[in-house]
Amino acid sequence: MKKIQLAKTGEMIPILGQGTWGIKNYRGKEYYENWKASLRKGIELGMTHIDTAEMYGSGTSEKIVGEILKEYPREDLFITTKLFPMHLRYKSMKKAAYKSIERLGIDQIDMYLIHWPSPIVSIKKQMKVLEYLVKEEKVRFIGVSNFSVEKFKKAQSYLNDVKLVNNQLNASIVRQKHVHESLPYYQTEGLTMTAYSPLGHQGLKNIKGELKEKLESVAKKYDATIQQIAIAWLINHENVITIPKAYKIEHVEANAKAADIKLTQDEIKLFYDLKKTK
Ligand code: NAP
């Protein structure tokens, strides 16, 4: 699995990781065992960056990821988790971070993100918490998610000694806004953009028209599926990593193979005129 440098940190991170949004609560043992088997398969195939969040299944996702973490040397996995942005106070934000650490069963989170800009909590306060957590060595790297470039810059301006390294954004072949409007900034600054929902959240089940035709034609050339081409399209952009979510093992296997597909510049641009600005 190809790795790229996470911003300018020296840390190498796989271009393909694994998402875990959608782990449900109150399911039987078999459901969780199947999910863990898929995560293990992904790890075996080099998708060692696992993305979770305090809010996924109200902590269930972090707990499952924590169970997986116990099975591997800690340094083999890179864990991203996210602060639910509705904790109002400095103290409650810190407490939330410690709870994530506890559920994950680790000493330190690799990358900690503010899940989305809060309408009620100041970015400044959130940045102070992130800075504190880095200084306390509870977190290695920090970033944000769902922040506009303007908000990202504002957040960075509140940090004294630490830098934001990542913005996790909704970006895919069916939702290209951030590829065209945000990514150029992160590329210029040498920062990393994580594309979330790389398969449009639905696994590209309902696509039609020109996009479907173009995907099918490129997929044919590479003997690939349209989902593999959609993933390859994202990670063929500089400074982009992505985190598809797959419960089915065959999907995990297919996704890992997408990392090997090298599209031409013309093939990348072929999809640009299908951009949607939402
Ligand atoms: P996604 O990865 O775009 O799509 C997931 C869907 O695609 C699932 O139904 C999955 O099916 C299917 N799939 C996966 N690989 C496939 C393949 N090779 N062929 C066909 N179908 C395939 O959706 P997502 O979960 O929204 O996004 C990925 C991750 O990004 C999340 O899990 C989460 O970690 C993160 N995320 C972050 C935010 C944020 O606000 N920061 C928001 C949304 C998501 P099966 O599961 O049945 O295998």
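Note that this is a predicted model, so its numbers are computed, not measured. Counting convention: from 1, in listed order, for ligands and their atoms alike.
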Student: Does E216 come within less than 4.0 Å of K212, counting only side-chain N to carboxylate O?
Tutor: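 A salt bridge is present here (some side-chain N lies under 4.0 Å from a carboxylate O).
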
Student: Measure the acute angle between the ring planes of W233 and Y272, then classify it against the limits of 30° and 60° as parallel, tilted or perpendicular.
Tutor: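 Aromatic pair W233/Y272 classed perpendicular.
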
Student: Suppose we measure from atom 39 (C) of ligand 1 to each protein heavy atom; which comes out shortest, and what is that distance?
Tutor: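 Protein heavy atom with the smallest distance to atom 39 (C) of ligand 1: Y196 CE2, 3.3 Å.
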
Student: What part of P198 sits under 4.0 Å from ligand 1 if we count only heavy atoms: the side chain, the backbone, both or neither?
Tutor: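 Both backbone and side chain.
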
Student: Of the choices Q228, H201, R175, Q18, which has the non-hydrogen atom that lies closest to atom 24 (P) of ligand 1?
Tutor: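 Among Q228, H201, R175, Q18, the closest heavy atom to atom 24 (P) of ligand 1 belongs to H201.
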
Student: Among H87, K82, R103, which residue meets the side chain to side chain donor-acceptor pair (under 3.5 Å) test with E54?
Tutor: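 When side chain to side chain donor-acceptor pair (under 3.5 Å) is applied between E54 and each of H87, K82, R103, only H87 qualifies.
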
Student: Give the residue, atom name and distance (to 0.1 Å) of the protein heavy atom nearest atom 36 (N) of ligand 1.
Tutor: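 Nearest protein contact, heavy atoms only, for atom 36 (N) of ligand 1 is Y56 OH, 3.3 Å.
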
Student: Run the numbers on R175 and S197 for side-chain contact (heavy atoms from CB on, under 4.5 Å), then give the verdict.
Tutor: CA-CA 9 Å; R175 201 175 165 116; S197 299; over 6 Å; no

Student: Which residue in the set K262, Q228, E267, K257 passes side chain to side chain donor-acceptor pair (under 3.5 Å) when paired with Y222?
Tutor: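 Output: one option passes, namely E267.
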
Student: Go through ligand 1 atom by atom and flag the ones less than 4.0 Å from a non-hydrogen atom of W21.
Tutor: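 Ligand 1 atoms under the 4.0 Å threshold to W21: 26 (O), 31 (C), 32 (O), 33 (C), 34 (O), 43 (C), 44 (C).
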
Student: Just need the protein heavy atom nearest to atom 28 (C) of ligand 1, so name the residue and atom and give the distance.
Tutor: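 Here the nearest protein heavy atom works out to I243 O, 3.1 Å.
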
Student: Answer yes or no: are there more than 12 heavy-atom neighbours, outside K154 itself, under 6.0 Å from its atom NZ?
Tutor: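 It does not: K154 NZ has 12 such atoms or fewer within range.
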
Student: Checking side-chain contact (heavy atoms from CB on, under 4.5 Å) for the pair T192/T9: CA distance, chi angles, key distance, verdict?
Tutor: CA-CA 10 Å; T192 304; T9 61; over 6 Å; no

Student: Looking only at protein heavy atoms, which one is nearest to atom 40 (O) of ligand 1, and what is the separation?
Tutor: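 Going atom by atom, the protein heavy atom closest to atom 40 (O) of ligand 1 ends up being N146 ND2, 2.9 Å.
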
Student: Is any side-chain N of the basic residue among D107 and R74 closer than 4.0 Å to the acidic one's carboxylate O?
Tutor: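 No, this pair does not count.
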
Student: Testing Q176, H237, H178 one by one against L183 for a side-chain contact (heavy atoms from CB on, under 4.5 Å), which residue passes?
Tutor: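 When side-chain contact (heavy atoms from CB on, under 4.5 Å) is applied between L183 and each of Q176, H237, H178, only H237 qualifies.
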
Student: Where on A254 is there a heavy atom closer than 4.0 Å to ligand 1, on the side chain, on the backbone, on both, or on neither?
Tutor: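 Only the side chain of A254 comes within reach of ligand 1.
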
Student: Please compare E253, H251, K257, E250 and report which has the shortest non-hydrogen distance to atom 11 (O) of ligand 1.
Tutor: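 Heavy atom nearest to atom 11 (O) of ligand 1 belongs to H251.
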
Student: Quick check on contacts: which atoms of ligand 1 are under 4.0 angstrom from a heavy atom of G200?
Tutor: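 Contacts of ligand 1 toward G200, numbered from 1: 3 (O).
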
Student: Among L113, N255, T52, T225, which one has a heavy atom closest to atom 15 (N) of ligand 1?
Tutor: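 Looking at heavy atoms only, N255 sits closest to atom 15 (N) of ligand 1.
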
Student: Say whether G22 and ligand 1 are in contact under the criterion: heavy-atom distance to a ligand atom below 4.0 Å.
Tutor: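 For ligand 1, residue contact (heavy atoms, under 4.0 Å) with G22 is absent.
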
Student: Considering the heavy atoms of P244, write down every atom of ligand 1 situated less than 4.0 Å from one of them.
Tutor: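 Numbered from 1, ligand 1 contributes 2 (O).
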
Student: Should the proximity of W116 to ligand 1, defined as any heavy atom under 4.0 Å, be assigned to the side chain, the backbone, both, or neither?
Tutor: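 Neither part.
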
Student: Students should be able to answer this: which protein heavy-atom is nearest to atom 3 (O) of ligand 1, and at what distance?
Tutor: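 Checked against all protein heavy atoms, atom 3 (O) of ligand 1 sits closest to L199 N, 2.7 Å.
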
Student: Heavy atom to atom 8 (C) of ligand 1, shortest distance: which of K245, M55, H115, K82 holds it?
Tutor: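 Considering heavy atoms of K245, M55, H115, K82, the nearest to atom 8 (C) of ligand 1 sits in K245.
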
Student: Whether E102 and K99 form a salt bridge (side-chain N of Lys/Arg under 4.0 Å from carboxylate O of Asp/Glu) is what I want to check.
Tutor: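 Salt bridge absent between K99 and E102.
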
Student: W21 and H201: side-chain contact (heavy atoms from CB on, under 4.5 Å), yes or no, with the steps?
Tutor: CA-CA 10 Å; W21 183 29; H201 189 59; 3.2 Å; yes

Student: Which of the atoms of ligand 1 are close to D51, meaning less than 4.0 Å from one of its heavy atoms?
Tutor: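 Every atom of ligand 1 under 4.0 Å from some heavy atom of D51: 33 (C), 34 (O), 35 (C).
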
Student: Give me the residue, atom name and distance of the protein heavy atom closest to atom 47 (O) of ligand 1.
Tutor: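 Of every protein heavy atom, K248 NZ, 2.9 Å lies nearest to atom 47 (O) of ligand 1.
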
Student: After noting the C-alpha distance and the side-chain angles of E11 and R140, does the key distance pass the salt bridge (charged side-chain N to carboxylate O under 4.0 Å, His left out) rule?
Tutor: CA-CA 10 Å; E11 176 79 18; R140 293 172 67 210; 2.4 Å; yes

Student: Among all protein heavy atoms, pick out the one at the shortest distance from atom 12 (C) of ligand 1; state its residue, atom name and that distance to 0.1 Å.
Tutor: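 For atom 12 (C) of ligand 1, the nearest protein heavy atom is G203 CA, 3.8 Å.
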
